[in-house]
S.K.: 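There's a structure below that I have some questions on.
These values consider heavy atoms only, across backbone and side chains, with no hydrogens, waters or symmetry-generated copies.
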Amino acid sequence: MDAKTVIETIGGAAGDSGLFDALFLAGSFGKGSADQWSDVDLVGLAPPDRHPAIAAWWRAWIESQEPLIYFKVLNRGGMLINAITAGWLRLDLNLPGDGKLGNRPQDGVKPLHDPADIHAGLVPSLPEHRPDREQIESMVLEFLRVMGLTPVGLGRQEYVTMVMGTGLLRDMLSQLMQEELPIPDRGGILHLSRLLPPEDMKILLGLPYPGPEPESLVAAQLAIARIFLPRARALLERIGGTWPAQFEAAVRAHLGVTLKRTEESLWPIA
């Protein structure tokens with residue numbers, strides 16, 4: 001069984017089951033941007049009292065096509081079912097708790113079983129994404145807080161923890177880059193190189209990825225800070241956000257003393 005077979009047959013099977021009000025193809029296949037590595041994302045609409053029966057039916061239907069090696073049901077205000085077949089076909093079925101498609105647009109989903117023509121009532125597409133001011137302000141505070149913990153990790157010789165902290169800083173830089181994009185639906189993390197512009201991917205790939213050595217960890221964290229902080233400051237200025245100047249100055253002074261470096265050498269001063 002492959003993704004093409006599932007997409008071609010699951011709509012009819014869902015309709016015959018009598019359990020679904022509607023079933024839509026979402027994710028990269030729903031948007032027409034799938035590649036050979038894409039999973040099959042489905043959104044099923046039905047009242048919550050039918051969700052357990054749908055989960056049982058879904059498992060049985062997959063197993064009738066190919067052996068399952070993974071099947072997990074998650075209850076998150078609805079039901080999300082993750083499945084993987086023996087041929088490593090990944091299938092996700094999302095059953096929203098309110099039985100609705102939410103703000104999904106027509107160009108983000110394809111109807112597989114839609115007797116009430118719900119798809120026709122969706123907006124054609126979503127508006128361009130605008131950076132979330134509060135989210136970015138919160139991200140900057142968290143970035144500075146993690147940077148301020150560097151002397152703690154060094155003092156306790158918690159170098160493995162510092163490796164994880166460096167990863168957090170790098171992830172926040174990636175999130176900042178994505179927040180700048182006008183794309184309304186950025187999708188999953190596993191196609192970052194297709195999402196970000198080449199110059200941003202070059203920046204991320206060029207960052208140090210240190211092991212648990214003190215000097216390389218400090219160098220990596222400062223390298224990330226020199227990119228993240230000026231870029232975040234410029235974005236907040238553009239969208240009318242508030243820069244935590246006092247907190248930044250305190251973190252800079254703290255690191256200057258504890259790392260025995262001049263404040264100017266840490267990251268650019270606005």
Side-chain angles (χ1 to χ4, degrees), residues 1-127 129 183-192 194-195:
M1 181 173 65
D2 57 15
K4 183 175 182 291
T5 302
V6 173
I7 293 168
E8 290 176 347
T9 60
I10 190 58
D16 292 342
S17 74
L19 294 169
F20 293 85
D21 293 339
L23 182 68
F24 295 88
L25 180 65
S28 55
F29 278 106
K31 291 183 288 188
S33 60
D35 59 20
Q36 62 177 322
W37 310 109
S38 297
D39 61 354
V40 178
D41 290 298
L42 301 167
V43 181
L45 304 186
D49 59 2
R50 281 193 228 148
H51 290 182
I54 289 175
W57 174 87
W58 179 229
R59 179 166 195 152
W61 185 87
I62 298 172
E63 289 180 323
S64 72
Q65 313 295 313
E66 186 176 325
L68 272 169
I69 59 173
Y70 181 85
F71 191 87
K72 188 173 184 64
V73 178
L74 303 169
N75 292 294
R76 297 176 176 173
M79 186 176 285
L80 175 62
I81 307 172
N82 304 131
I84 304 175
T85 70
W88 209 260
L89 176 62
R90 294 171 291 122
L91 304 162
D92 290 344
L93 174 60
N94 181 23
L95 303 170
D98 61 1
K100 299 179 181 179
L101 279 173
N103 67 341
R104 290 182 173 88
Q106 288 182 353
D107 61 6
V109 293
K110 295 179 180 178
L112 301 177
H113 168 64
D114 187 18
D117 202 13
I118 296 171
H119 189 263
L122 302 177
V123 298
S125 60
L126 295 177
H129 170 75
I183 302 169
D185 181 4
R186 298 191 288 274
I189 190 64
L190 289 177
H191 60 248
L192 186 65
R194 293 168 54 189
L195 183 66

S.K.: Apply side chain to side chain contact (heavy atoms under 4.5 Å, CB included) to residues Glu66 and Leu89 and explain how you reach the verdict.
M.R.: CA-CA 10 Å; Glu66 186 176 325; Leu89 176 62; 5.5 Å; no
S.K.: Taking all atoms of both residues into account, what is the closest heavy-atom pair of Pro48 and Gly97, and its distance?
M.R.: CG-O, 3.2 Å
S.K.: If you compare all heavy atoms of Ile69 against all heavy atoms of Ala86, which two are closest, and at what distance to 0.1 Å?
M.R.: CG2-CA, 3.9 Å
S.K.: Are any non-hydrogen side-chain atoms of Val109 and Leu122 less than 4.5 angstrom apart?
M.R.: yes
S.K.: For Ser125 versus Pro105, what's the shortest heavy-atom pair and its separation?
M.R.: CA-CB, 3.5 Å
S.K.: To the nearest 0.5 Å, what is the distance between CG (Asp39) and CG (Leu91)?
M.R.: 8.0 Å
S.K.: Using every non-hydrogen atom in the two residues, find where Leu93 and Gly44 come nearest and quote the distance to one decimal.
M.R.: CD1-N, 3.9 Å
S.K.: Looking at side-chain heavy atoms only, is the closest gap between Thr9 and Trp61 below 4.5 Å?
M.R.: yes
S.K.: With heavy-atom distances below 4.5 Å as the criterion, would you say the side chains of Ile54 and Met79 are in contact?
M.R.: no
S.K.: Could you tell me which non-hydrogen atom of Val40 sits nearest to which non-hydrogen atom of Ala3, and how far apart they are?
M.R.: CG2-CB, 3.6 Å
S.K.: Can you tell me which residue pairs pass the side-chain hydrogen bond (donor to acceptor under 3.5 Å, both in side chains) test with a partner in residues 92-121, sequence neighbours excluded?
M.R.: Asn82-Asp92
S.K.: Can you run down the ring-ring contact (aromatic ring centres under 6.0 Å, His included) pairs that involve residues 3-44, sequence neighbours left out, and say none if there aren't any?
M.R.: Phe20-Trp57
S.K.: Calculate, to the nearest 0.5 Å, the distance between atoms OG1 and CG belonging to Thr85 and Leu68 respectively.
M.R.: 7.5 Å
S.K.: Please round to the nearest 0.5 Å and tell me the distance separating atom CD1 of Ile62 and atom CD1 of Ile81.
M.R.: 8.0 Å
S.K.: Please report the shortest heavy-atom distance between Gly27 and Asp41, naming the atom on each side.
M.R.: CA-OD2, 3.6 Å
S.K.: Given side chains that start at C-beta, do those of Arg50 and Asp21 come closer than 4.5 Å, heavy atoms only?
M.R.: yes
S.K.: Nearest 0.5 Å please: distance from the CG atom of Leu126 over to the CD1 atom of Ile183.
M.R.: 12.5 Å
S.K.: Measure the CD1-OG1 distance between Ile10 and Thr5 for me, rounded to the nearest 0.5 Å.
M.R.: 11.5 Å
S.K.: Tell me, do Pro96 and Leu101 make a side-chain contact under 4.5 Å, heavy atoms counted?
M.R.: no
S.K.: Measure the spacing between CG of Leu25 and CG of Leu42 and express it to the nearest 0.5 Å.
M.R.: 6.0 Å
